[in-house]
Amino acid sequence: MTIYSFLLNWTIGILIFGWAIYQLTKLFKNSKKGKCGGCDSICEAKALMEAAKKRNG
């Protein structure tokens, strides 16, 4: 194993883990705002939630 392949492997690993941490951070920041990705689309979970709100008042 040469030094270049070692550095390349470390660089790729850092990029992958960095991207994963960035995506998780972005996900948690958005979830703390109280709005999920499903709230912007029409899905069964949203329809059930709205029906439950109507039933409960």
Side-chain angles (χ1 to χ4, degrees):
M1 182 183 239
T2 64
I3 189 72
Y4 296 115
S5 63
F6 180 75
L7 289 175
L8 181 64
N9 287 337
W10 270 98
T11 304
I12 291 172
I14 289 171
L15 287 173
I16 290 171
F17 283 108
W19 183 256
I21 291 170
Y22 168 74
Q23 290 295 322
L24 286 172
T25 304
K26 193 168 75 168
L27 174 76
F28 288 125
K29 281 184 181 179
N30 287 341
S31 67
K32 285 183 180 180
K33 291 179 183 175
K35 196 169 191 180
C36 67
C39 293
D40 294 335
S41 64
I42 300 171
C43 67
E44 185 177 344
K46 184 178 178 182
L48 290 172
M49 181 183 68
E50 288 175 355
K53 283 182 181 178
K54 288 179 184 177
R55 278 193 308 258
N56 293 331

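The structure presented is a predicted model; accordingly, all values stated were derived computationally and were not measured. Values below: all heavy atoms of this structure, side chains included; hydrogens, waters and symmetry mates excluded.
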May I ask you to test the K26-Q23 pair for a side-chain heavy-atom distance under 4.5 Å? yes
Residues two or more places apart in sequence or in another chain: which of them pass ring pair (Phe, Tyr, Trp, His ring centres under 6.0 Å) with Y22? W19
Interatomic spacing from CD in E50 to NZ in K54 - rounded to 0.5 Å: 6.5 Å
With sequence neighbours left out, what residues match I12 under side chain to side chain contact (heavy atoms under 4.5 Å, CB included)? L8, I16
Which value, rounded to the nearest 0.5 Å, describes the distance between W10 atom CH2 and L7 atom CG? 10.5 Å
